[in-house]
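To keep things clear, I will list the structure first and then write my remarks on it.
In listed order, ligands and their atoms are each counted from 1.
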Amino acid sequence: MSNMTFTMIKPDATAKGHTGNILQHILDSGFKIKAMKWVHLTAQQAGLFYEVHKERPFYGELVSFMSSGPIVAAILEKDNAVSDFRAVIGATNPAQAAEGTIRKLYAASIGENAIHGSDSNENAKIESDFFFSAFERF
Ligand code: CMP
């Protein structure tokens with residue numbers, strides 16, 4: 001999976017109408033979309049996805065936010081996908097994100113930060129498998 005990563009356009013960004021611009025930004029950055037879906041997670045599904053963070057103080061807030069509206073989930077392909085995509089989206093906290101990154105352009109806060117990107121090849125596979133079967137990847 002070193003050429004694949006997983007992303008979600010989060011409920012804040014979809015609600016503000018940024019979905020199209022963010023998808024264009026991703027394509028313009030050289031990523032191919034291998035799988036994509038528009039879904040509204042239940043709290044249980046969001047809790048499972050972010051289970052790795054369940055001991056963190058922000059877990060409840062994160063689960064409630066991620067199940068508050070629709071998201072776009074996608075698998076993206078490019079050489080060095082995980083690290084290149086993290087550069088494209090910028091720091092977790094948009095206040096620290098570099099100019100021109102997706103979070104600098106579209107995110108409001110560390111909690112509502114517009115977009116997710118996998119932090120390792122291993123997590124890219126786990127997260128992609130959470131959302132997509134083999135029949136949904138092209
Ligand atoms: P993401 O990359 O999706 O992975 C975990 C998420 O937890 C992260 O983006 C943030 O949205 C959220 N997060 C991380 N730190 C905090 C924090 N201090 N307060 C609220 N949410 C946080």
Side-chain angles (χ1 to χ4, degrees):
M1 289 284 286
S2 67
N3 60 341
M4 300 279 187
T5 192
F6 171 81
T7 188
M8 292 182 291
I9 301 174
K10 297 188 180 184
D12 57 323
T14 63
K16 289 176 188 160
H18 296 318
T19 304
N21 285 338
I22 290 174
L23 287 173
Q24 192 64 54
H25 191 127
I26 291 169
L27 294 171
D28 290 345
S29 302
F31 292 84
K32 284 188 184 159
I33 295 170
K34 302 297 288 180
M36 186 163 69
K37 62 175 69 164
W38 172 248
V39 284
H40 188 152
L41 296 174
T42 64
Q44 188 188 22
Q45 289 168 329
L48 266 177
F49 182 87
Y50 280 115
E51 202 167 20
V52 62
H53 294 306
K54 70 172 180 290
E55 305 304 331
R56 306 279 192 97
F58 56 82
Y59 179 69
E61 192 186 318
L62 177 60
V63 168
S64 141
F65 166 60
M66 288 302 295
S67 55
S68 67
I71 62 160
V72 174
I75 301 174
L76 305 175
E77 181 181 64
K78 183 183 182 297
D79 287 346
N80 301 312
V82 166
S83 58
D84 283 8
F85 193 67
R86 286 175 75 79
V88 165
I89 68 179
T92 304
N93 185 347
Q96 289 157 9
E99 287 299 329
T101 59
I102 291 175
R103 284 175 173 150
K104 184 71 173 185
L105 289 166
Y106 301 111
S109 68
I110 192 167
E112 303 202 358
N113 63 355
I115 192 159
H116 168 81
S118 304
D119 63 3
S120 65
N121 291 335
E122 184 190 11
N123 283 335
K125 179 174 178 2
I126 292 168
E127 293 169 2
S128 297
D129 291 349
F130 184 93
F131 277 90
F132 297 100
S133 75
F135 301 103
E136 297 172 303
R137 304 173 190 217
F138 310 102

Which option wins on minimum heavy-atom distance to atom 13 (N) of ligand 1: Phe49, Tyr50, Phe58? Phe58
State whether the shortest distance between N or O atoms of [X] and N or O atoms of ligand 1 falls below 3.5 angstrom.
{"X": "Thr92", "value": "no"}
{"X": "Leu62", "value": "no"}
{"X": "Glu61", "value": "no"}

Check whether any side-chain heavy atom of Phe85 sits under 4.5 Å from a side-chain heavy atom of Ile115, and report yes or no. yes
Evaluate the side-chain proximity of Glu127 to His116: yes if any heavy-atom separation is below 4.5 Å, no if none is. yes
Can you tell me if NZ on Lys16 sees more than 12 non-hydrogen neighbours from other groups inside 6.0 Å? yes
With a 4.0 Å cut-off on heavy atoms, is Arg56 in contact with ligand 1? no
Could you tell me if any non-hydrogen atom of Glu127 lies under 4.0 Å from any atom of ligand 1? no
Measure across Arg137 and Phe132 and return the closest heavy-atom pair with its distance rounded to 0.1 Å. NH2-O, 2.8 Å
Which atoms form the tightest heavy-atom contact between Thr92 and Asn113, and what is the distance? O-ND2, 3.2 Å
Could you tell me, atom by atom, which parts of ligand 1 come under 4.0 Å of a heavy atom of [X]?
{"X": "Gly111", "result": "11 (O), 20 (C), 21 (N)"}
{"X": "Arg103", "result": "2 (O)"}
{"X": "His53", "result": "5 (C)"}

Salt bridge (Lys or Arg N to Asp or Glu O under 4.0 Å) filter on Asp84, not counting sequence neighbours, yields Lys78
Mode of Lys10 contact toward ligand 1 - side chain, backbone, both, neither (heavy atoms, under 4.0 Å): side chain
Select one of side chain, backbone, both or neither to describe which atoms of Met66 lie under 4.0 Å from any atom of ligand 1, heavy atoms only. neither
Can a side-chain donor-acceptor contact be found between Gln24 and Asp28 if the only test is distance below 3.5 angstrom? yes
Provide the full list of ring pair (Phe, Tyr, Trp, His ring centres under 6.0 Å) pairs with a residue in residues 92-112, sequence neighbours left out, each pair given once. His18-Tyr106
For atom 10 (C) of ligand 1, what is the closest protein heavy atom, and at what distance to 0.1 Å? Ile110 O, 3.3 Å
